[in-house]
Number of protein chains: 2
Amino acid sequence: MADEPPRQPSDASAGVISLLLAHGVAPTRQRIEIATLLLERPQHLSAEQVLVRVRASGQHVSKATVYNTLGLLTRKGLVREVVVDPQRVVYDSNVAPHYHLYEVDTGRLEDIEPAAVSVAGLPSLPPGTVIEGVDVVVRVRSRPAEPSASGV
Amino acid sequence: MADEPPRQPSDASAGVISLLLAHGVAPTRQRIEIATLLLERPQHLSAEQVLVRVRASGQHVSKATVYNTLGLLTRKGLVREVVVDPQRVVYDSNVAPHYHLYEVDTGRLEDIEPAAVSVAGLPSLPPGTVIEGVDVVVRVRSRPAEPSASGV
DNA sequence: TTAATTGCAAACATTTTGCAGGTTC
DNA sequence: GAACCTGCAAAATGTTTGCAATTAA
């Protein structure tokens with residue numbers, strides 16, 4: 001009843017709304033905001049980073065809603081959780097099959113094309129189980145291993 | 001509790017003590033206890049599980065010491081951290097190259113022989129970096145994929 | 001002795017939860 | 001109008017840290 005102008009979906013939002021609907025996610029303002037931000041391009045964001053960016057864009061979203069939404073989007077297959085750091089879940093907007101390269105010194109996470117790695121000969125699975133996914137993480141250090149005895 | 005006999009290193013402890021010394025770790029009672037428990041056979045234990053088992057064996061070890069020791073043993077190459085669950089680090093007493101199979105429903109973690117999987121064609125690494133390790137985690141679900149209403 | 005190690009509890013960071021109030025269809 | 005969603009704050013992990021007391025070499 002208030003004379004607030006109705007929210008006009010932008011082009012980007014329109015696409016995201018369709019996507020959310022297609023995946024059975026009710027497109028609320030917060031979810032649209034979060035999904036638009038994440039799906040705009042392939043990237044890796046933590047919940048905290050999502051919160052900061054959404055707020056930076058002028059919208060208000062609570063921390064709880066960010067967590068709820070990221071969990072929902074993951075369950076619905078719109079984003080993917082990546083576990084490389086034990087203390088922080090990263091959400092990957094690239095849900096196509098691919099692997100990761102993780103720089104342990106900097107925390108930088110980078111996609112690896114699936115073609116670049118071949119995983120073959122998977123083991124016999126426990127009975128009654130199916131593969132949900134195969135995660136490959138190449139961990140790299142920024143400095144070459146230094147010999148323990150002699151310096152350079 | 002008073003007239004507790006002085007702790008005599010058992011055969012197992014003797015081996016562990018040598019191992020600790022060989023890796024530059026001062027063999028204190030707590031470290032011996034934790035290392036003996038972990039290295040007794042290939043297994044995956046969380047810090048909490050280590051704490052419970054050490055105490056079950058009659059020794060007292062504080063939570064802080066368990067965390068400190070597990071971190072130390074990891075740094076010294078006696079155990080390996082496995083990150084599959086974002087909310088819990090698992091310590092693997094098998095430091096030989098191998099991969100993991102993770103049952104997401106039960107939390108069960110199982111080793112996969114490296115021969116069972118082939119990872120080839122690693123990508124070009126960022127300049128100045130070296131591979132620290134390649135983690136492969138096969139995630140399986142206990143139930144077959146149920147058909148979703150809409151295609152993926 | 002002397003330096004390292006332990007234990008306790010408080011601090012911390014991340015994520016989850018309960019519930020009142022708001023929004024949507 | 002009914003059902004769902006959001007926000008706030010408190011709770012629930014899991015892990016780290018500060019510092020005094022203890023232990024090992």
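None of these values were measured; they are calculated from a predicted model. Proteins come first, then strands; the chains are lettered A, B, ... in the order of their sequence lines, and each starts at number 1.
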What is the distance from CD1 of I32(B) to P of dT23(D), rounded to the nearest Å?
15 Å

Within residues 78-85 of chain B, the residues having a heavy atom closer than 4.0 Å to DNA chain C are none

Separation of atom CD in E33(A) from atom P in dC5(D), rounded to whole Å
18 Å

Enumerate the ring-ring contact (aromatic ring centres under 6.0 Å, His included) contacts for residues 37-61 of chain A, please, sequence neighbours excluded, ordered by first and then second residue.
H44(A)-H100(A)

Please say yes or no: joined through hydrophobic side-chain contacts below 4.5 Å, possibly via intermediate residues, are V117(A) and V95(A) part of one cluster?
no

Pair R108(A) + E103(A): basic N to acidic O under 4.0 Å:
yes

5' to 3', nucleotides 5-21 of chain C under a 4.0 Å protein heavy-atom cut-off (B base, S sugar-phosphate only, - none) gives SSBB-----SBBB----

Single hit among L38(B), I32(B), I34(B), L39(B) for side chain to side chain contact (heavy atoms under 4.5 Å, CB included) with T36(B):
I32(B)

Taking all atoms of both residues into account, what is the closest heavy-atom pair of Y99(A) and V134(A), and its distance?
CE2-O, 3.5 Å

Let me confirm one number: the CG-CG distance from L73(B) to L20(B), rounded to the nearest 0.5 Å.
6.5 Å

Under a 3.5 Å threshold, yes or no: a donor from one side chain and an acceptor from the other, between T69(B) and Q30(B)?
no

Any non-hydrogen side-chain atom of P42(B) less than 4.5 Å from a side-chain atom of H98(B)?
no

Tell me the salt bridge (Lys or Arg N to Asp or Glu O under 4.0 Å) pairs involving residues 78-94 of chain B, sequence neighbours left out?
R80(B)-D135(B)

Under the side chain to side chain contact (heavy atoms under 4.5 Å, CB included) rule, collect the residues that match up with E40(B), sequence neighbours excluded.
none

Rounded to whole Å, please give me the gap between CG in L21(B) and C1' in dA4(C).
15 Å

Axis-to-axis angle for the helix from dT1(C)-dA25(D) to dC25(C)-dG1(D), ends of five pairs each, to 10°, equals 30°

